[in-house]
Amino acid sequence: MRLLRQIHAHTCTRLLPTSVASFALSKIHAFAALSPLGDATYARRLFSQMDNPNVFSWNSMIRASSRQPSSSKEPIFLFKKMLRTGRFIPNSYTIAFVLKACSVLAAAGEGRQVHKRALQCGFESNPFVQTSLVKLYARCDYICDARKMFDEIADKNVVAWSTMISGYAKTGLASEGLILFREMQVAGVEPDEVTMVSVISACAVAGTLELGKWVHTFLKKRKIEMDVELSTALVNMYAKCGCIDRAQEIFKAMNVKDAKAWSSMIMGFAIHGLADDALNTFSEMEDAMVKPNDVTFVGVLLACAHSGLVPAGRMYWSKMMDYGIEPSMELYGCMVDLLCRTGTLDEAYAFVETMHITPNPVIWRMLLGGCKKRGNLDPGESISRKLLSVEQNNAENYILLVALYASASQWDKVKLVRKDMQDRGIKPVPGCSYIEVGGFLHKFLMADWCHPDAHEIKEALKDISNRVSSAGHSPLTSFVLHNIGEQEKATALCEHSERLAIAYGLLKTKAPMIIRVVKNLRVCGDCHEVTKIISKVYSREIVVRDRVRFHKFSEGICSCNDFW
DNA sequence: GTAGGGTTAG
């Protein structure tokens, strides 16, 4: 900045041709606004003093303002201001910067307006504008619009492909992302480390361990440098796919660990029910002087919730406040979940009333679930009203209410709710889960019987249940053992045949259906209820909808034919 | 001077 000030002074005191002075000032401004060594206040002052800032300078201002950590709409206001002057026509850079700002804010409405403007200005074929639009729509959950934009790109480069793959992964459409990765290879576009991060992310969402391992080998083969993002993605993928040991290996080998890396590891332990490991990792993080963020605490509180550590949960909540972290909806959710597990519904309800943001349906649903658990009709009905007033079309809400009335033997009301559902045309969505065993992807849908091994799987599940019982544990205990960290004990109760692996796999964290069950565990609470949930899982009719053959990936050869 | 990456409750 000292040098820049000198140059600035020089520019002002010399009689330079206007065009030269204007060019120099815009560069000086850009440096002050955008360089890590710059000075935002200086830049702002300089900008306000410019007689006639050019489009370049407006762009610098817009870009700089969207880099501020506070998510304000300033970049959009600046853009509007620029248009209002009537003297400036935005160029493709302007549009790209504003679109990026809209993506960060997930501002779909503003984004669409900027999109229109981009068309008016004739930037529909600009690759930067196009990719920004893909990103924007994916970010705002308009994944079809994102795909439309992507398809319109004539010459798709690695950035365009990566954006779309990442968009799919982030919206939970993992298999679409993986299919697109395949298409990218067919198209002959070389993936880079950014692409691979998104692909790994998609593997994590889909729970495709074999594919995830293949990608890992691919990275090594290609000697793609392991940066913090790639390693974090791998930690997350292995953890989500049930390989917590491998996740930990990769984590330990990381030279640089930032808050996201630590959070991934903590979250990994938490979803495996390894509360001690999660909490110890958190302590190590503090020792390493890495400042935890909100997601870190989601992991920590999740670990507490899954192990019924209520006092610890309260302690971490206040610790979180000490760190100055503003509780997000997810964090409130973790805490409500934790409190609902203890049997102190009043405390959970009182906690919700202290929230400084409006509770979303998830929060109400957790409370309602808590009421259902104890047949607590009184607050249950009023909570249900609140829930249905903000979310009328979710079948889950009605089913919970039905269950609440059923738990209190109010059969007339059960009928009424069912009729209400019918009148509104609301149909329940059956639960679904996937597991990959020996290179096959098995998909299970509730009440479906198409899996070729359905009967054997059912038998295997029964077998596990029986052996768990005969070992002196109820199925509940087995689940609890598994989820409070005594994984070995739980694992020892199973054999290693493939059929059992499928069955056991279902019991592990990666199947969404099981995750739901595990999260519903009331470790300190009502055993009867949990046993009921688990027995539902055991006797669930299991079927494969489709059986996709994964290619056996040999040695990480990465030609497109070897993929899938 | 532009576009793409990792962690988030039910």
Side-chain angles (χ1 to χ4, degrees), chain A residues 26-27 29-31 33-35 54-60 62-64 91-100 103 123 126-136 138-139 153 157-167 169-170 191-201 204 227-237 239-240 254 258-268 270-271 292-299 301-302 305-306 327-338 340 360-370 394 396-397 400 515-516 519-520:
Chain A
S26 67
K27 287 289 185 184
H29 170 253
F31 184 91
L34 295 162
S35 165
N54 55 20
V55 175
F56 181 94
S57 298
W58 278 102
N59 291 352
S60 302
I62 290 169
R63 197 145 70 109
N91 59 20
S92 64
Y93 292 79
T94 323
I95 300 291
F97 295 145
V98 180
L99 285 174
K100 177 162 186 161
S103 293
F123 297 132
N126 179 290
F128 294 94
V129 171
Q130 285 177 305
T131 311
S132 302
L133 283 167
V134 173
K135 172 78 188 157
L136 168 80
R139 175 74 222 280
I153 303 176
N157 62 15
V158 61
V159 180
W161 285 99
S162 305
T163 309
M164 195 65 231
I165 293 171
S166 137
K170 285 227 168 85
D192 64 9
E193 72 279 8
V194 180
T195 323
M196 297 323 283
V197 167
S198 299
V199 174
I200 295 166
S201 207
D227 57 17
V228 63
E229 284 91 356
L230 258 177
S231 304
T232 305
L234 283 170
V235 168
N236 179 48
M237 184 274 292
K240 295 267 165 69
M254 288 174 73
D258 62 6
K260 286 182 183 177
W262 285 99
S263 306
S264 297
M265 193 67 250
I266 293 168
M267 188 68 66
I271 62 171
N293 61 24
D294 50 342
V295 184
T296 319
F297 279 97
V298 170
L301 292 173
L302 205 62
H306 286 181
S328 60
M329 193 66 81
E330 286 89 344
L331 276 164
Y332 279 120
C334 289
M335 206 57 195
V336 173
D337 182 34
L338 179 72
C340 276
N360 70 0
V362 181
I363 305 274
W364 293 125
R365 227 172 359 254
M366 281 191 263
L367 281 178
L368 186 56
N394 187 346
E396 258 185 276
N397 302 341
L400 258 177
I515 289 180
R516 203 171 309 148
K519 283 181 180 168
N520 279 327

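Fair warning: this is a prediction, and the values are worked out from it, not measured in the lab.
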Which one, [options], comes nearest to the side chain of [X]?
{"X": "A/Pro127", "options": "B/dA9, B/dA3, B/dG5", "value": "B/dA3"}
{"X": "A/Ser162", "options": "B/dG5, B/dG4, B/dA9", "value": "B/dG4"}
{"X": "A/Ser263", "options": "B/dT2, B/dG5, B/dT7", "value": "B/dT7"}
{"X": "A/Val295", "options": "B/dT8, B/dG1, B/dA9", "value": "B/dT8"}
{"X": "A/Phe97", "options": "B/dT2, B/dG5, B/dT7", "value": "B/dT2"}

Quick one: does [X] reach the base of [N] with a side-chain donor-acceptor pair under 3.5 Å?
{"X": "A/Asp294", "N": "B/dA9", "answer": "no"}
{"X": "A/Thr163", "N": "B/dG4", "answer": "no"}
{"X": "A/Ser132", "N": "B/dA3", "answer": "no"}
{"X": "A/Asn157", "N": "B/dG4", "answer": "no"}
{"X": "A/Asp192", "N": "B/dG5", "answer": "no"}

Determine: side-chain N/O of [X] to OP1/OP2 of [N], distance under 4.0 Å, yes or no.
{"X": "A/Lys170", "N": "B/dG6", "result": "yes"}
{"X": "A/Lys240", "N": "B/dT8", "result": "yes"}
{"X": "A/Lys260", "N": "B/dT8", "result": "no"}
{"X": "A/Thr131", "N": "B/dT2", "result": "no"}
{"X": "A/Asn236", "N": "B/dG6", "result": "no"}

Exercise. Which residues pass the side chain to side chain donor-acceptor pair (under 3.5 Å) test with A/Ser57, sequence neighbours left out?
Worked result: A/Asn54

Which is true for [X] with a 4.0 Å heavy-atom rule: it touches a base, it touches only sugar-phosphate, or it touches nothing?
{"X": "A/Ala160", "result": "nothing"}
{"X": "A/Ser201", "result": "sugar-phosphate"}
{"X": "A/Val235", "result": "nothing"}
{"X": "A/Thr296", "result": "nothing"}
{"X": "A/Met335", "result": "nothing"}

Does any non-hydrogen side-chain atom of [Y] lie less than 4.5 Å from one of [X]?
{"X": "A/Met267", "Y": "A/Leu302", "answer": "yes"}
{"X": "A/Ile95", "Y": "A/Asn126", "answer": "no"}
{"X": "A/Ile271", "Y": "A/Lys240", "answer": "yes"}

Within this structure, what is the [atom1]-to-[atom2] distance between [X] and [N], rounded to whole angstrom?
{"X": "A/Asn54", "N": "B/dG1", "atom1": "CG", "atom2": "P", "answer": "14 Å"}
{"X": "A/Glu193", "N": "B/dG5", "atom1": "CD", "atom2": "P", "answer": "12 Å"}
{"X": "A/Ile266", "N": "B/dG6", "atom1": "CD1", "atom2": "P", "answer": "19 Å"}
{"X": "A/Phe123", "N": "B/dT2", "atom1": "CZ", "atom2": "P", "answer": "17 Å"}
{"X": "A/Arg139", "N": "B/dG6", "atom1": "CZ", "atom2": "P", "answer": "11 Å"}
{"X": "A/Leu136", "N": "B/dA3", "atom1": "CG", "atom2": "P", "answer": "14 Å"}
{"X": "A/Tyr93", "N": "B/dT2", "atom1": "OH", "atom2": "C1'", "answer": "5 Å"}
{"X": "A/Ile153", "N": "B/dA3", "atom1": "CD1", "atom2": "P", "answer": "15 Å"}

Problem set entry | Partners passing ring-ring contact (aromatic ring centres under 6.0 Å, His included) against A/Trp262 (at least two apart in sequence or in another chain) | A/Phe251

Exercise. How long is the span from the CZ atom in A/Phe128 to the CG atom in A/Leu133, to the nearest 0.5 Å?
Worked result: 13.5 Å

Exercise. Looking at OG of A/Ser26 and CZ of A/Phe31, how far apart are the two atoms once the value is rounded to the nearest 0.5 Å?
Worked result: 14.0 Å

Exercise. Ring stacking, A/Tyr332 with base of B/dA9, under 5.5 Å and under 30°?
Worked result: no

